[in-house]
Amino acid sequence: MEKSLSFAVFIRMLFIGVFVYFVCTAFFAVVMYEYFESEVFEDLKNEVSYIEKYVENEKVYHLSLLDSKHRITVIHSDGSVFYDNYAVSEELENHAHRKEIELAMKNGEAKVSRYSSTKTEKSFYYAKKIPSGDIIRVSCSRYSVLLILLGIYKILLPVLFISVFVSAFFGIYIAKKLVEPLNKIDLENPSGSRVYSELKPLIRRIEEENFEKQQREEIRRQYTANVSHELKTPLTSISGFAEILKTENKDPALTADFAESIFVESQRMIALVNDIIKLSKLDEKSIALEKEALCLNEIVKEVFQVLHSVAAAKKVTMRLCGENGFINGVRPVIYEMVYNLIDNAIKYNVIGGSVEVKISTVCEKQGDLDASSKVILVVKDTGMGIPESEQERIFERFYRIEKSRSKDFGGTGLGLSIVKHAAKYHDASIKLTSREGKGSAFTVVFNSI
């Protein structure tokens with residue numbers, strides 16, 4: 001189900017409006033009730049002061065003549081009721097343990113309120129101790145806050161509906177205003193769009209995506225052009241040789257020579273296509289094989305055996321030193337990586353040069369975190385080296401330092417690109433150190449098992 005920003009803003013505005021309404025209503029009711037409560041106690045206090053004159057002059061019987069809406073009770077110091085205008089004093093229980101009486105006996109006066117058993121009414125008591133030692137208490141009852149709110153619901157409900165309507169109206173309006181700048185963003189030129197400052201990170205992200213998209217498109221175009229060019233050259237050669245063989249020329253030596261050339265060019269095409277397929281699989285992470293525990297030392301030895309004849313032809317010596325180097329990886333991919341690194345080290349080496357492969361394990365500790373082990377593979381040669389200006393591009397597909405010279409070595413121009421993608425596939429890093437005329441060293445850092 002699709003989410004709507006406008007609807008989300010509308011709902012939140014509506015919720016906020018209703019929430020604020022109820023909070024304000026409750027706050028208003030509580031404040032007003034406390035105000036009325038203080039007024040009630042003030043009224044009771046004034047009436048006690050008025051009644052006090054009668055009691056001090058021993059004219060309690062005159063109290064029955066007062067037109068009072070409050071309950072008036074006169075209690076002796078022992079708690080016995082001397083007078084009550086709502087009941088027969090002799091029938092009333094002793095009031096000595098009533099809270100307001102205890103406080104009045106102790107402090108001279110007391111204000112006490114308590115709810116009825118049904119919570120619908122609240123009783124207010126004001127008691128005062130007079131010089132004679134007697135207690136005058138005046139009390140009354142008022143509706144509770146809840147009952148007052150229920151009593152004015154006819155006013156509160158319309159206000160609630162108005163609040164909901166206003167919140168809904170402004171919620172829709174604000175939602176449209178918030179979404180409007182988003183809809184006006186020019187995706188092709190986002191930096192030229194006028195947006196809120198909070199949306200600047202989004203604009204920067206869109207710009208980055210556009211830049212990366214342009215880069216990917218440029219790489220794709222270059223890749224397509226390079227593939228076309230690399231395939232066209234051997235195909236043209238094969239076509240030319242085949243066309244000559246179609247003539248009536250039956251010279252066995254020439255036929256054998258052309259056949260050899262066709263074979264070489266076809267093998268070059270096969271190698272190129274295989275490398276392209278390997279890169280595509282690494283790009284798409286579509287390699288079906290599971291990762292397993294591998295020993296780099298054993299893989300290097302296997303590669304040495306395969307490339308022994310190639311190294312011998314150039315009188316290049318190969319040497320392996322260091323540890324076993326246990327990692328978790330896909331064996332064919334790691335083998336292809338090691339093979340390409342060592343094969344390049346031999347191809348671009350000098351006659352009588354050397355290739356040294358070193359495997360080591362180190363522990364790295366970051367702050368208070370536990371140390372993590374890394375396996376380091378270094379392939380070092382004594383070859384022609386790579387100019388510093390070319391080192392950043394050496395891992396690009398089909399990139400050659402000197403194309404004519406590189407082709408003489410039979411490469412496809414994809415070897416180091418496969419190495420880079422294989423390292424990325426295994427969350428490994430690769431670094432090149434090289435000086436022109438002094439050789440090169442490729443360092444690959446793996447996570448240890």
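Index from 1, following the sequence.
In this structure, the separation between OG on Ser77 and CG on Asp134 is 6.5 Å, given to the nearest 0.5 Å. Atom CD1 of Ile334 and atom CZ of Phe446 lie 4.5 Å apart (nearest 0.5 Å). Atom OG1 in Thr443 sits 9.5 Å away from atom NZ in Lys380 (nearest 0.5 Å). Rounded to the nearest 0.5 angstrom, Ile299 CD1 and Met337 CE are separated by 10.0 Å. To the nearest 0.5 Å, atoms OG1 (Thr361) and CG (Asn324) are separated by 8.5 Å. Note that CD of Glu208 and CZ of Arg204 are 8.0 Å apart. Values are rounded to the nearest 0.5 Å.
Contact record, Lys291 with Val330: CG-CG2, 3.7 Å, taken as the closest heavy-atom pair. Across every non-hydrogen atom of Glu37 and Ser113, the tightest pair is OE2-OG, 4.3 Å. Across all non-hydrogen atoms, the minimal contact from Ile449 to Leu294 is CD1-N, 4.5 Å. Heavy-atom minimum distance, Pro131 versus Glu52: CD-OE2, 4.0 Å.
Atom NZ of Lys122 sits in a crowded spot, with more than 12 heavy atoms from other residues, nucleotides or ligands closer than 6.0 Å. The environment of CD in Glu388 is sparse: at most 12 heavy-atom neighbours from other residues, nucleotides or ligands sit within 6.0 Å. Other residues, nucleotides and ligands contribute over 12 non-hydrogen atoms within 6.0 Å of the OH atom of Tyr86.
Of the options Asn349, Asp343, Asn344, a side chain to side chain donor-acceptor pair (under 3.5 Å) to Lys347 is made by Asp343 and by none of the others. Here the rule is side-chain contact (heavy atoms from CB on, under 4.5 Å) with Leu320, and of Val300, Val303, Val355 only Val300 fits it.
Within the structure, salt bridge (Lys or Arg N to Asp or Glu O under 4.0 Å) contacts touching residues 69-84 (residues at least two apart or in different chains) are Arg71-Asp84. The salt bridge (Lys or Arg N to Asp or Glu O under 4.0 Å) analysis of residues 158-173, with sequence neighbours excluded, yields no pairs. Pairs of residues two or more places apart, or lying in two chains, that qualify as salt bridge (Lys or Arg N to Asp or Glu O under 4.0 Å) and include a residue from residues 292-303 are Glu302-Arg331.
You'll find the side chain of Leu416 stays beyond 4.5 Å of the side chain of Lys420, heavy atoms only. A heavy-atom distance below 4.5 Å is found between the side chains of Ile75 and Arg137. When side chains are defined from C-beta on, Val306 does not count as touching Phe304, because their heavy atoms never get closer than 4.5 Å. Two residues are said to be in side-chain contact when any heavy atoms from C-beta on lie closer than 4.5 Å; Ser354 and Arg319 fail this criterion. Using a 4.5 Å heavy-atom threshold, the side chains of Leu44 and Val48 count as separate.
For Arg114, the side-chain contact (heavy atoms from CB on, under 4.5 Å) criterion is met by Arg98, Glu100, Val112, Tyr125, not counting sequence neighbours. In this structure, the side-chain contact (heavy atoms from CB on, under 4.5 Å) partners of Ser89, at least two apart in sequence or on a different chain, are Val81. Residues meeting the side-chain contact (heavy atoms from CB on, under 4.5 Å) test with Ala96, sequence neighbours left out: Asn94. For the ring-ring contact (aromatic ring centres under 6.0 Å, His included) test, no residue two or more places apart in sequence or in another chain qualifies with His308. Applying the side-chain contact (heavy atoms from CB on, under 4.5 Å) rule to Asn447 yields the partners Lys374, Asp427; only residues at least two apart in sequence or on another chain are considered. Annotation: side-chain hydrogen bond (donor to acceptor under 3.5 Å, both in side chains) contacts of His70 (sequence neighbours excluded): Glu47. Glu34 meets the side-chain hydrogen bond (donor to acceptor under 3.5 Å, both in side chains) test with no other residue; sequence neighbours excluded. For Phe124, the ring-ring contact (aromatic ring centres under 6.0 Å, His included) test picks out Phe41, with sequence neighbours left out. Here Phe22 pairs with nothing under the ring-ring contact (aromatic ring centres under 6.0 Å, His included) rule; sequence neighbours left out.
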- Take Arg205 and Glu209 through the salt bridge (Lys or Arg N to Asp or Glu O under 4.0 Å) test and state the conclusion after the steps. CA-CA 6 Å; Arg205 182 59 183 163; Glu209 290 288 343; 2.7 Å; yes
- Could you walk me through whether Val88 and Leu92 pass the side chain to side chain contact (heavy atoms under 4.5 Å, CB included) test, one step at a time? CA-CA 7 Å; Val88 178; Leu92 294 175; over 6 Å; no
- Val444/Val375 under side chain to side chain contact (heavy atoms under 4.5 Å, CB included): CA gap, chis, key distance, verdict: CA-CA 8 Å; Val444 185; Val375 175; over 6 Å; no
- When you look at Ile346 and Met318, which way does the side chain to side chain contact (heavy atoms under 4.5 Å, CB included) test go after all the steps? CA-CA 9 Å; Ile346 296 171; Met318 296 185 294; 3.7 Å; yes
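Judged by distance alone, with hydrogens and angles left aside, the side-chain atoms of Asp43 form no donor-acceptor pair with the main-chain N or O of Glu39 at under 3.5 Å. Side-chain atoms of His95 come within 3.5 Å of backbone atoms of Glu93 as a donor-acceptor pair (strictly under, hydrogens ignored).
A cation-pi arrangement, defined by a distance under 6.0 Å to the six-membered ring centre and an angle within 45 degrees of its axis, is absent between Lys45 and Tyr50.
For the pair Lys129 and Glu109, the salt-bridge criterion is not met [side-chain N within less than 4.0 Å of a carboxylate O].
Ser434 and Ser440 form a side-chain donor-acceptor contact under 3.5 Å, judged by distance and modelled atom types alone.
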